[in-house]
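These notes concern the structure reproduced below.
One is the number of the first residue; the rest follow in order along the sequence.
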Amino acid sequence: MMMKYVLSLMLALALPFTAFADDAGFGLAGILSAKNKEDLEPVQLSAGMPLTSAPWVLKSGTYYEFEIQGDGSQELALIGPEFFRAIWIDEIVVEGLEIRPLGLDSIEFDEAGEMEIGFLAIKPGRYYMKIPGSTGETQRLEITIE
């Protein structure tokens, strides 16, 4: 009897959220649907080269994907702990392997390679990702979540 009550309550609580997702135009997948996804310019990890050509301006509630491409010219890392805590990381894909982390602080390329990160922008604010120890503007990617 108690289990039937709990299941009924869970269904009653879930219905308004499914209706909201459909009303927003996202379909049953909600905010993870293809209609809510945008691709960002790749981040280039290369000795002395700019990370990107322009800052990122993101919208809270939108799903984004971007690639990080390391050319192997130097062992390079990318840090951005405040940014990584302002987003929900859905997955990181490296050579076809999908990783679903609970959080992220930094990444590092010891040799040439690529990874793709899919995430949902959540917390509005100003953030950055940068090569640790660097001071040049081109070695820093400014990110705004609106």
*Excluding sequence neighbours, so at least two apart, what forms ring-ring contact (aromatic ring centres under 6.0 Å, His included) with F109?*
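Partners of F109 under the ring-ring contact (aromatic ring centres under 6.0 Å, His included) test: none.
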*asked:* Within this structure, what is the CG-CG distance for the pair L40 and L58, rounded to the nearest 0.5 Å?
replied: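 Taking CG in L40 and CG in L58, the distance rounds to 6.0 Å.
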_For a quick test of reading the model, state the closest non-hydrogen atom pair linking P101 to I92 and the distance between them._
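For P101 versus I92, the nearest heavy atoms are CG-CD1, 3.9 Å.
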*Work out which heavy atom in Y63 is nearest to a heavy atom in G118; give both atom names and the distance.*
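Nearest pair, atom of Y63 first, then G118: OH-CA, 3.4 Å.
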Restricting to side chain to side chain contact (heavy atoms under 4.5 Å, CB included), what partner residues turn up for [X], sequence neighbours left out?
{"X": "S73", "result": "S46, A47, D71"}
{"X": "P42", "result": "Q44, E67, Q69"}
{"X": "P50", "result": "T138"}

Membership question, hydrophobic clusters at under 4.5 Å side-chain separation (ILVMFWY): are [Y] and [X] in the same one?
{"X": "M115", "Y": "L104", "answer": "yes"}
{"X": "I122", "Y": "I89", "answer": "no"}
{"X": "M129", "Y": "I99", "answer": "yes"}

*Which residues share a side chain to side chain donor-acceptor pair (under 3.5 Å) with Y64, sequence neighbours left out*: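 Y64 satisfies side chain to side chain donor-acceptor pair (under 3.5 Å) with no residue once adjacent residues are dropped.
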Which pairs with one or both residues in [range] pass salt bridge (charged side-chain N to carboxylate O under 4.0 Å, His left out), sequence neighbours excluded?
{"range": "residues 38-50", "value": "K37-D39"}
{"range": "residues 105-131", "value": "R85-D105"}
{"range": "residues 92-102", "value": "E91-R100, E98-R100"}

Only distances under 3.5 Å count here; give the side-chain donor-acceptor pairs of residues 75-84 to other protein atoms, sequence neighbours excluded, each with its distance to 0.1 Å.
none

*Can you list every ring pair (Phe, Tyr, Trp, His ring centres under 6.0 Å) pair that touches residues 34-59, not counting sequence neighbours?*
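Pairs touching residues 34-59 that pass the test: W56-F66.
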*salt bridge (Lys or Arg N to Asp or Glu O under 4.0 Å) partners of E137, counting only residues at least two apart*: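 Scan of E137 (salt bridge (Lys or Arg N to Asp or Glu O under 4.0 Å), adjacent residues dropped) gives none.
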*Heavy-atom side-chain proximity of L51 to L45 below 4.5 angstrom*: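 Yes, close enough: below the 4.5 Å cut-off.
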Could you give the side-chain donor-acceptor pairs of residues 139-146 under 3.5 Å, partners two or more places apart or in another chain?
unit_1	atom_1	unit_2	atom_2	d
Q139	NE2	M49	O	2.8
R140	NE	E142	OE2	2.5

*Donor-acceptor under 3.5 Å (S134 side chain, G136 main chain)*: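 Absent.
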_CA sep, side-chain torsions, deciding dist, call: D90, I117, side chain to side chain contact (heavy atoms under 4.5 Å, CB included)_ = CA-CA 8 Å; D90 177 36; I117 299 178; over 6 Å; no
